[in-house]
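Okay, structure first, notes after.
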Amino acid sequence: MRRQSSSTLAAIVLLFWVILCAVPRESFAQTNDVALPETLKLSRLVDVAAEVSGQGYSYNPADLDATVTIRVPGGFTREQIPALLSHVLASRGYTTVRTPGSPLLSVVKLEQASGLATSADVPGVGEAAFITQVFEARHLSAKALADAARNLLSKPGGTANVIGDSNLVAVSDLVARVGEVRTLVARLDRPDGTTIREVPLRYLSAQQAVASIAQIVAKRESAGGRRLAGDVVAGSDGQSLLLVCTPEHEETWRGLIAAVDRREPIETRTYSLLHFPARDVAKLAESAAVAGTAPTGDDRFRVVVDDLTGGLLVTGTASQHERVAALVERLDATPTAARRPVRTFVIKNRPVSEIRAILDELARAGALQAGTEPSSAAVPGSPAGAGMGPIQLPPPPAVGSAPQTGSPPSTSQLTRRVAPVLAGGEPSLSLTIDEGTNTLIAVGEPRLLSQIESLLRTLDVRQPQVMLEVLMVTLTDSQSRDLGVELEKLRISDDLFIRLSSLFGLGVRNAAGDRSAGDASGFTGVVLSPGDFSVVIRALESLNKGRSASMPKLLVGNNQQASLDSVVQQPYASVNATNTISTTSFGGTQDAGTVVTIRPQIAEGDHLVLEYSVSLSAFLGAATSPTLPPAKQQNRVQSAATIPDGSTVVVGGIDLESESTTISQVPLLGDIPLLGEAFKNRNTSNSRSRFFVFIRANVLRGRGFEDLRYLSTHDMEAARVPDGWPEVEPRIIR
């Protein structure tokens with residue numbers, strides 16, 4: 001059984017060998033090999049591609065009449081024929097595209113293909129050689145992605161365009177070029193590692209730092225160094241930089257910025273000004289040298305105004321000095337006509353005529369100095385115009401000149417001093433006043449106008465007011481004491497009448513001839529034995545205390561005089577007598593009352609220096625004669641003193657004191673102790689009169705006169721004077 005199996009296997013092997021020997025050797029070659037002749041028409045190559053791929057083509061035979069030579073040993077596979085056709089067509093300026101809706105591939109020129117090709121994601125066998133593919137920009141901008149793709153596209157024919165305002169980019173080109181673009185997009189369009197950092201500057205401005213860094217980077221590349229990735233942009237504030245770079249290059253950029261951002265050396269220079277005031281030029285110099293060129297961190301730039309020489313002391317860097325020097329040179333070259341501006345100064349707190357008089361006196365004293373030397377030519381005219389005419393102020397005294405002594409100056413010398421002129425014959429300064437608007441109009445060089453403006457800041461200020469309260473108090477004290485005894489003894493013997501008496505006028509005799517006390521004031525006592533004797537005792541003590549006060553109020557400005565008069569006029573007659581007739585006429589009046597005159601001056605610390613005169617007078621009874629005024633007593637205090645603000649102080653006073661004792665007695669008997677009191681009359685009187693002047697001053701500095709309103713409220717309420725404000729009353733709304 002095993003032997004039969006072996007013979008069967010041998011028979012099968014022999015049969016297979018016979019069949020293999022009978023088949024030709026070429027039959028073992030690859031059946032899909034395509035053998036092409038070495039030389040053939042381009043249109044024939046298109047036909048072969050159509051046959052092997054089963055894809056139809058449309059073309060113009062006239063465009064494909066060219067002959068191509070292909071030498072490739074071993075032939076081509078069917079899959080290689082379409083690629084071979086695309087390569088040969090591209091070398092002749094043609095390609096294949098698939099138009100929308102067509103099953104055929106069209107052979108067209110390369111420059112026309114971008115407008116005909118349809119989009120395809122992944123081309124395969126039988127697909128067009130020229131396609132359009134749309135890419136989405138996820139991280140880069142669509143414009144940046146399109147610009148990068150154009151570097152790989154074929155010329156002509158390849159295009160890369162942004163679709164509208166979207167982030168889509170349409171790329172049209174040969175399949176191989178589109179594949180390269182796809183690879184490039186995959187490498188570029190990914191998350192960016194670039195950072196943006198704000199780097200503050202300490203010394204340089206942003207523009208200066210950007211320019212310096214750009215020069216250093218360019219020099220570094222020209223010296224053979226690698227290009228430094230990143231860039232710097234000036235910040236919007238002008239004092240910082242925006243650093244755009246990758247994290248690995250950030251430290252290098254920061255080191256470069258730190259090396260550039262350093263202080264420049266500074267120096268101090270003096271600038272002399274010919275025409276314009278130093279203070280005005282100082283503001284321009286600071287703006288020209290600092291604004292937009294240096295950050296606030298560099299505070300070394302200084303401009304000091306030298307009032308003695310009228311120049312500027314400038315401390316700064318070399319670039320800042322260049323700008324200041326250019327500014328000064330331009331100002332010094334200003335024409336004469338442009339150096340005489342017109343300035344108006346509204347005087348707010350004083351009469352404009354007073355301000356003009358002060359400026360005139362200052363100019364005569366040489367306090368106002370012009371920027372140019374006056375010419376030696378004399379200009380006739382008076383030093384001041386009448387009314388509202390212009391005033392030609394005098395020039396400053398010449399440097400180093402000594403004052404003239406002896407004879408008075410000549411007319412020409414006086415004219416030159418009062419009316420200085422410029423080189424063109426015009427006065428250096430002309431002042432005009434408008435009293436209607438209280439305005440001072442000045443025409444002259446800027447230096448003089450600046451001096452006037454500085455003076456007006458001191459002269460034209462509102463002076464504070466002073467509320468003065470003057471209290472005049474008169475105090476009178478008097479005391480009198482009368483003590484007396486009257487004795488009287490009558491004796492009648494026949495025809496002899498004897499009367500012994502000690503009388504001091506204390507009693508009176510009645511109709512019966514007896515003495516009595518009558519209705520006299522005080523304590524009286526009478527012991528009476530009619531026709532025999534009488535004793536009258538009287539004791540009286542009078543006490544008088546009086547006080548009169550007068551307190552006028554005065555509101556007065558600083559350094560102004562205030563007066564208050566409250567007087568009574570007493571008329572008296574005058575008699576003119578002649579030999580034949582005598583006439584009586586008005587002779588005049590005699591005044592008595594209160595007269596107050598005060599001039600306050602506010603000193604340091606709100607102390608007040610007062611010049612005051614206070615007078616208080618009164619008539620003493622009626623006149624003794626119609627032709628004579630009545631007797632008058634006057635108390636007056638006049639002086640200058642310094643008093644504190646808000647305090648009541650006494651500034652003067654008069655104290656009069658008198659004492660008197662009168663004793664009337666019977667000689668010898670009145671000297672007897674104790675018993676002598678019955679023979680005397682004692683009168684004792686004491687009087688004292690005091691006059692005081694108190695002044696209280698309150699300085700009022702409120703801008704809205706709040707303090708004056710507060711002080712006036714109490715007196716308005718006492719006088720029942722309304723304050724003028726409307727009264728707000730509630731109203732019921734139904």
Close side-chain approach of V314 to Y271, heavy-atom, < 4.5 Å
yes

Quick one: do L700 and L711 satisfy side-chain contact (heavy atoms from CB on, under 4.5 Å)? Show the steps, please.
CA-CA 10 Å; L700 308 181; L711 294 177; 3.6 Å; yes

Separation of F345 CZ from I452 CD1 (nearest 0.5 Å):
6.0 Å

Could you go through the side-chain contact (heavy atoms from CB on, under 4.5 Å) check for V650 and V693 one step at a time?
CA-CA 6 Å; V650 59; V693 177; 5.8 Å; no

Between S687 and S658, do the side chains contain a donor N or O and an acceptor N or O under 3.5 Å apart?
yes

Between the main-chain N or O of N349 and the side-chain N or O of D460, is there a donor-acceptor pair closer than 3.5 Å?
yes

Can you tell whether the side chains of R682 and D482 come within less than 4.0 Å, N to carboxylate O?
no

Are V281 and L312 close enough, and set up right, to give a side-chain contact (heavy atoms from CB on, under 4.5 Å), and what steps lead you there?
CA-CA 8 Å; V281 178; L312 297 178; 3.8 Å; yes

Between R690 and E657 (salt bridge meaning N to carboxylate O under 4.0 Å), is one present in this structure?
no

Working to the nearest 0.5 angstrom, can you tell me the gap between S685 OG and N544 CG?
12.5 Å

When every non-hydrogen atom of A442 is compared with those of L449, the smallest separation belongs to CB-CD2, 3.5 Å

Kindly say whether Q463 contributes a backbone atom to a donor-acceptor pair with the side chain of N558 at under 3.5 angstrom?
no

Within the distance-only criterion (no hydrogens, no angle test), does the side chain of T458 pair as donor or acceptor with the backbone N or O of L456 below 3.5 angstrom?
no

Might you work through the side chain to side chain donor-acceptor pair (under 3.5 Å) test for S454 and R457, ending with a clear yes or no?
CA-CA 5 Å; S454 300; R457 282 196 292 266; 3.2 Å; yes

Using only atom types and a distance under 3.5 Å, with no angle test, would you say the side chain of Y612 pairs donor to acceptor with the backbone of V470?
no

Side-chain H-bond candidate by donor/acceptor type, S712 with D715, under 3.5 Å:
no

To the closest 0.5 Å, what do you measure between CD1 (I355) and CG (L431)?
11.5 Å

Between CG of N681 and OG1 of T662, what distance do you get to the nearest 0.5 Å?
9.5 Å

Close side-chain approach of I695 to I643, heavy-atom, < 4.5 Å
yes

As an exercise, state the distance from CD of E354 to CD1 of I347, rounded to the nearest 0.5 Å.
11.0 Å

Distance from T684 atom OG1 to N686 atom CG, nearest 0.5 Å?
7.5 Å

Considering all heavy atoms of both residues, which atom of A278 and which atom of G311 are nearest to each other, and what is their separation?
CB-O, 3.9 Å

Using a distance-only test with no angle check, is there a side-chain donor-acceptor pair under 3.5 angstrom linking Q634 and S615?
yes

Taking atom types as modelled, is there a side-chain donor on R599 or Q601 under 3.5 Å from an acceptor on the other?
no

How far apart are the closest heavy atoms of P644 and H607, and which atoms are they?
CA-CD2, 4.1 Å

Tell me, please, whether F705 has R462 positioned over its six-membered ring: NZ or CZ under 6.0 Å from the ring centre and within 45 degrees of its axis?
yes

State, with a plain yes or no, whether a side-chain heavy atom of S563 is found less than 4.5 Å away from one of T597.
yes

So do the side chains of F692 and M472 get within less than 4.5 Å of each other, counting heavy atoms only?
no

Start with the C-alpha gap between R688 and S478, add the side-chain angles, then the distance that decides, and say whether side-chain contact (heavy atoms from CB on, under 4.5 Å) holds.
CA-CA 6 Å; R688 184 180 184 184; S478 65; over 6 Å; no

Evaluate the side-chain proximity of V596 to I598: yes if any heavy-atom separation is below 4.5 Å, no if none is.
yes

For Q561, does the CD atom sit with more than 12 other heavy atoms under 6.0 Å from it, leaving out its own atoms?
yes

Closest non-hydrogen atoms of A697 and D645, given as atom of the first, atom of the second and distance, are O-OD1, 3.2 Å

Check whether any side-chain heavy atom of L608 lies under 4.5 Å from a side-chain heavy atom of T642, and answer yes or no.
no

Just so I know, are the side chains of Q465 and L555 near enough to count as touching, which here means a heavy-atom distance under 4.5 Å?
yes

With a 4.5 Å heavy-atom cut-off, do R350 and I358 have their side chains touching?
yes

Looking at T439 and E435, would you say the former's side chain and the latter's main chain have a donor-acceptor pair under 3.5 Å?
no

Minimal heavy-atom distance between G557 and P600, with the atoms involved, is O-CG, 4.0 Å

